*Asks:* 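I have a structure I would like to understand better, so I am pasting it below and will then ask my questions one at a time.
Please read all numbers here as calculations on a predicted model, not as lab measurements. Counting starts at 1 for both ligands and their atoms, in listed order. Position 1 is the first residue of the sequence, and the numbers go up from there.
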Amino acid sequence: MTKDININLSKKLTSSLSENYANIVDIISSYSKEFGAKVYIIGGAIRDLLLEKPIYDIDFVVEGNAIEFCHLLEARGIAKIVQTTEDFGTAKIEFNNIKLRIDLASTRTEEYPKPAHLPVVKKIGCSLKEDILRRDFSVNSLAMSLSPNNFGELIDYTNGLEDIENKKLRVLHEKSFIDDPTRIIRGLRFIHKLGFELEPKTKLLQQKYLNDFNNQDICYERIKQVTNLAFSLNSSELYDDFIREKIYKLLTTTPRQTDGKAIHTAIQKYSNLVSKENIWLIYLANLITSTDAEKLNLSSKETEIISYLDELLANLPYLKNNFEIYKFFKPIPYETIVAYLGNTKDASAEKYLEKLKDTKPLLNGNDLKKLGFTQGTIIGEALNIILEQKINGKISSMNDEILLAKDILRKKNTNN
Ligand code: CTP
């Protein structure tokens, strides 16, 4: 039911769009009238507009056929079609002199031939309302008209505005999580990114879905995408919720459990060693083992981060001096060591990251050649001995290294 709210967002919109988006919205609006089409902004952009958050990405939807609309724009020389996807009724276009490509979608209904897998398009060109009712949460189901006669009018078929005001996440129908369990992880992200909470019935539906969940066949490619986005928020509470609310069941039957705060603290402490894109893996590694990770089709580098943590947690050998610590941790990715420190307080791992990891001899191979070393293998061995002595605190200065190198060379020559 649309409430007679009569809210107009045009002022809010003009003040929050980048110049490129503002120009695009103007062009689409005026040509929609000329072509007799109804075009809307829909989804996350309207949610963020109402929350006064920055808008990075706008989804446009044409009530009817977006590809036809784009062909008309192209025929007028206003824009160029970059790509069309007939099966979904979507088009990517680029306007003259505007360096931003946008996607226009046709209104569509979808169905899930197999629960928890990708939906297939059922009908392209349905009513706006039908398109809205296939979506995840009411707060993501608001639209705004771009037609000049009611430009900026908010269209709210699902009470999304009220839910935004009350910061509630509400699914639109009882089967929402059964159709698409990735919505559970999306919801968790909105909870921690935007300060929302699940409204009671949605929470019950989620709990029921997760309680009943028993390793059934789901689309792990999508689970991976949403988990990446969620853990990339770098939120300790989000990790704790993953465990407390049993959301982990979508990824594993036996989660590793640690304290989200400890993971977050380790990430902050060693932030210079961890690339931003890998933060999610530090949380993921503290949730699943490499056996669980196989389903997710991770890259080999991503898998490595998780499988090294399996090894560290299963068996950390006794490391009797600094050089042993150095050798042991050297091949292990920093992300794994940080994940490990988020799990276990370990002085040797801390020592490696803070003191040992960059230690190098002052001498290099060329210096050794000048001292009379000839063979490559012996140079390598000598540098290793120098490094060992240095890391173990037996030598420190350049002079110490030179004396040690000469000693190594003398012994080699006597042995030969
Ligand atoms: N959507 C959905 N079910 C999903 C994913 C998306 O119904 N599993 C719908 C929602 O209406 C959503 C829109 O598709 O608003 C666009 O999705 P997306 O771009 O992934 O997210 P946004 O809502 O725009 O949010 P954000 O940009 O913060 O990811």
*Asks:* Quick one: do the N297 and K224 side chains pair a donor with an acceptor below 3.5 Å?
*Replies:*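 K224 and N297 do not have a side-chain donor-acceptor pair below 3.5 Å.
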
*Asks:* Going by heavy atoms, is D57 under 4.0 Å from ligand 1?
*Replies:*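 No, D57 has no heavy atom closer than 4.0 Å to ligand 1.
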
*Asks:* Any side-chain to backbone donor/acceptor pair from Q216 onto N214? Under 3.5 Å, distance only.
*Replies:*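 It does hold such a pair.
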
*Asks:* What I want to check is whether the side chains of N228 and S232 have a donor and an acceptor closer together than 3.5 Å.
*Replies:*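 N228 vs S232: donor-acceptor pair found between side chains.
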
*Asks:* Please work out which of R135, R186, Q225 has its closest non-hydrogen atom nearest to atom 1 (N) of ligand 1.
*Replies:*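 Answer by nearest heavy atom: R186.
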
*Asks:* Less than 3.5 Å apart, any donor N or O on the side chain of N234 or Y283 sitting next to an acceptor on the other?
*Replies:*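 There is such a pair between these side chains.
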
*Asks:* Checking side-chain polar atoms at under 3.5 Å, does N286 have a donor or acceptor matched by the opposite partner on T258?
*Replies:*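 T258 and N286 do not have a side-chain donor-acceptor pair below 3.5 Å.
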
*Asks:* Considering only protein heavy atoms, which is closest to atom 29 (O) of ligand 1, and at what distance to one decimal place?
*Replies:*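 So the nearest neighbour among protein heavy atoms is R189 NH2, 2.9 Å.
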
*Asks:* May I ask you to identify, for T182, whether its side chain, its backbone, both or neither come under 4.0 Å of ligand 1 on a heavy-atom basis?
*Replies:*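 It is the side chain that gets close, since no backbone atom is under 4.0 Å.
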
*Asks:* To the nearest 0.1 Å, how far is atom 27 (O) of ligand 1 from its closest protein heavy atom, and which atom is that?
*Replies:*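 Of every protein heavy atom, R47 NH2, 4.3 Å lies nearest to atom 27 (O) of ligand 1.
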
*Asks:* Suppose I only count heavy atoms of R183 and a 4.0 Å limit; which atoms of ligand 1 are within that range?
*Replies:*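 In order of number, 2 (C), 3 (N), 7 (O), 8 (N).
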
*Asks:* What atoms of ligand 1 come closer than 4.0 angstrom to any heavy atom of K193?
*Replies:*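 Per the distance check, 28 (O).
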
*Asks:* If the cut-off is 4.0 Å to any non-hydrogen atom of D59, which atoms of ligand 1 fall inside it?
*Replies:*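 Matching atoms, with element in brackets: 16 (C).
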
*Asks:* Look only at interatomic distance and state if D180 has a nitrogen or oxygen under 3.5 Å from any nitrogen or oxygen of ligand 1.
*Replies:*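 So ligand 1 has an N or O lying under 3.5 Å from an N or O of D180.
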
*Asks:* Between Y40 and F60, does the ring centre distance come in under 6.0 Å?
*Replies:*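 Between Y40 and F60, the centre distance exceeds or equals 6.0 Å.
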
*Asks:* What pairs meet the side-chain hydrogen bond (donor to acceptor under 3.5 Å, both in side chains) rule with one or both residues in residues 380-389, with sequence neighbours excluded?
*Replies:*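 Checked against side-chain hydrogen bond (donor to acceptor under 3.5 Å, both in side chains) - neighbours excluded - the pairs reaching residues 380-389 are E381-K412.
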
*Asks:* Looking at atom 24 (O) of ligand 1, what's its closest protein heavy atom, distance included?
*Replies:*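 Looking only at protein heavy atoms, the one closest to atom 24 (O) of ligand 1 is G44 CA, 3.6 Å.
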
*Asks:* Nearest protein heavy-atom contact for atom 7 (O) of ligand 1: which residue, which atom, what distance?
*Replies:*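 Minimum-distance protein heavy atom for atom 7 (O) of ligand 1 reads D136 N, 2.7 Å.
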
*Asks:* Before signing off on this row, confirm whether F190 and ligand 1 have an N or O atom pair separated by under 3.5 Å.
*Replies:*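 The answer is no, given that F190 and ligand 1 share no N or O pair closer than 3.5 Å.
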
*Asks:* Can you find an N/O atom of D48 closer than 3.5 Å to an N/O atom of ligand 1?
*Replies:*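 Looking only at distances, the answer is no, because the N/O contact criterion of under 3.5 Å is not met.
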
*Asks:* Can you label the angle between the F35 ring and the Y31 ring as parallel, tilted or perpendicular, going by 30° and 60°?
*Replies:*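 It falls in the tilted class, 30° to 60°.
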
*Asks:* Without hydrogens or angle criteria, can the side chains of S307 and D310 be said to hold a donor-acceptor pair below 3.5 Å?
*Replies:*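 Checked: S307/D310 side chains show no N/O donor-acceptor pair below 3.5 Å.
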
*Asks:* Counting each atom of ligand 1 from 1 as listed, which ones have a heavy atom of G43 under 4.0 Å away?
*Replies:*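 In order of numbering, the contacting atoms are 15 (O).
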
